[in-house]
Visitor: 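Please read through the structure below; I'll follow up with questions.
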Amino acid sequence: RRLRLQAEPRGRSALSEQGASSMPLVEEVVAPPRAREAEPLQRAPLPADLQRFVSESRALSRRLTQAECAAGQAEPRMEGSQNRQNLMLYIDLPRGAAVADLQVTITGHRLTVGFCTRPEAAAAGAEALWQRHRLRRTLCGTADARQWHADLEDRYDGNGRRLLLVIRKVRRGDMWEQIFDAAAAPARW
């Protein structure tokens, strides 16, 4: 909808001739729907690799309910590296696993990474429950909870996949002696 403003007559002669103007100063105009809005946009199909990337990226942010998940049995292995600006965390995934419901929380020096996995090829007719995994670590420095990115990548040895998590450090140019505080007891937070 658009509003069209009418020009107000100027000077006394215009007011005295017409008296009180019967035309409104603002008139509402409804625009007809555009042809592009009426028809959905038809897109060309994406190549298989690109479609896989789009599907996996969407799944990472998909939230699951408690009924869809069961507790994971073992904590996955996680490795880390750093540069002067970022932390890179590599989390091993079960072979052939789909990933969803990725959540990253940083409170002070405490890092919590939660996600769910299940076999990509679930049995026909019976949906497998998602397995919830939660990793908790104490960081040796401060990281920005608002600046992180996740991606799925093939392992360098060709043996499965892993979740790559890049987290921005608060102080740029800061190199930590180690990424995780090994002296800190595994916290129950």
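If you read the sequence from its start, that first residue is 1, and numbering goes on from there.
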Visitor: Could I get the full list of side-chain hydrogen bond (donor to acceptor under 3.5 Å, both in side chains) partners for Arg58, not counting sequence neighbours?
Guide: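 For Arg58 there are no side-chain hydrogen bond (donor to acceptor under 3.5 Å, both in side chains) partners, ignoring immediate neighbours.
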Visitor: Using residues 43-52 as the side-chain source, report each donor-acceptor pair under 3.5 Å to any protein atom, sequence neighbours left out, with the distance given to one decimal.
Guide:
residue: Gln51; atom: NE2; partner: Ser55; partner atom: OG; Å: 3.3
residue: Arg52; atom: NE; partner: Glu56; partner atom: OE2; Å: 3.1

Visitor: Give a yes or no answer on whether the side chain of His109 reaches the backbone of Cys140 with a donor-acceptor pair at less than 3.5 Å.
Guide: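 Not a single qualifying donor-acceptor pair exists.
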Visitor: Can you tell me which residue pairs pass the salt bridge (charged side-chain N to carboxylate O under 4.0 Å, His left out) test with a partner in residues 162-175, sequence neighbours excluded?
Guide: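 Found Glu153-Arg162.
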Visitor: How many angstroms lie between CG in Leu111 and CE in Met78, if you round to the nearest 0.5 Å?
Guide: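 Here the rounded value is 6.0 Å.
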Visitor: Answer yes or no: is there a side-chain heavy-atom contact under 4.5 Å between Val113 and Trp148?
Guide: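 No; the side chains remain at least 4.5 Å from each other.
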Visitor: Looking at residues at least two apart in the chain, or sitting in another chain, which of them share a side-chain hydrogen bond (donor to acceptor under 3.5 Å, both in side chains) with Arg146?
Guide: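 Arg146 satisfies side-chain hydrogen bond (donor to acceptor under 3.5 Å, both in side chains) with Asp144 once adjacent residues are dropped.
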Visitor: Under the side-chain hydrogen bond (donor to acceptor under 3.5 Å, both in side chains) test, which residues partner Glu79, sequence neighbours left out?
Guide: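 Arg77.
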Visitor: Other than Leu129, which residues form its hydrophobic cluster under the rule that side-chain heavy atoms must be closer than 4.5 Å?
Guide: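 None; Leu129 is a cluster of one.
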Visitor: Can you list everything that forms a side chain to side chain contact (heavy atoms under 4.5 Å, CB included) with Thr105? Sequence neighbours excluded, please.
Guide: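 If we apply the side chain to side chain contact (heavy atoms under 4.5 Å, CB included) test to Thr105, skipping adjacent residues, the hits are Thr107, Thr112.
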Visitor: Taking transitive links into account, so neighbours of neighbours count too, which hydrophobic residues share a cluster with Val166 at under 4.5 Å side-chain distance?
Guide: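 When side chains under 4.5 Å apart are linked, the cluster holding Val166 also contains Met88, Tyr90, Leu164.
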Visitor: Is the shortest side-chain heavy-atom distance between Arg110 and Arg136 below 4.5 Å?
Guide: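 When only atoms from C-beta onward are counted, Arg136 and Arg110 do not touch, as no gap falls below 4.5 Å.
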Visitor: List in chain and number order the residues that pass side chain to side chain contact (heavy atoms under 4.5 Å, CB included) with His149, two or more places apart in sequence or in another chain; answer none if no residue qualifies.
Guide: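 Testing His149 for side chain to side chain contact (heavy atoms under 4.5 Å, CB included), a comparison that skips the adjacent residues, returns Asp151.
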Visitor: With the side chain counted from C-beta on, respond yes when Leu135 and Phe115 share a heavy-atom pair under 4.5 Å apart, and no when they do not.
Guide: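 Yes. Closest side-chain heavy atoms under 4.5 Å.
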Visitor: Does anything in residues 163-183 form a ring-ring contact (aromatic ring centres under 6.0 Å, His included)? List the pairs, not counting sequence neighbours.
Guide: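 Checked against ring-ring contact (aromatic ring centres under 6.0 Å, His included) - neighbours excluded - no pair reaches residues 163-183.
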Visitor: Tell me, do Leu152 and Leu93 make a side-chain contact under 4.5 Å, heavy atoms counted?
Guide: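 In short, these two side chains touch, coming nearer than 4.5 Å.
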Visitor: Would you say that Gln131 contacts Arg118 through its side chain, given a criterion of any heavy-atom pair below 4.5 Å between the two side chains?
Guide: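 With C-beta onward as the side chain, the pair stays apart.
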Visitor: Who pairs with Arg63 by side-chain hydrogen bond (donor to acceptor under 3.5 Å, both in side chains), at least two apart in sequence or on another chain?
Guide: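 Arg63: side-chain hydrogen bond (donor to acceptor under 3.5 Å, both in side chains) contacts with Asp101.
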Visitor: Other members of the hydrophobic cluster containing Leu64, with the 4.5 Å side-chain heavy-atom rule, please.
Guide: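 Its cluster partners, ordered by chain and number, are Trp130.
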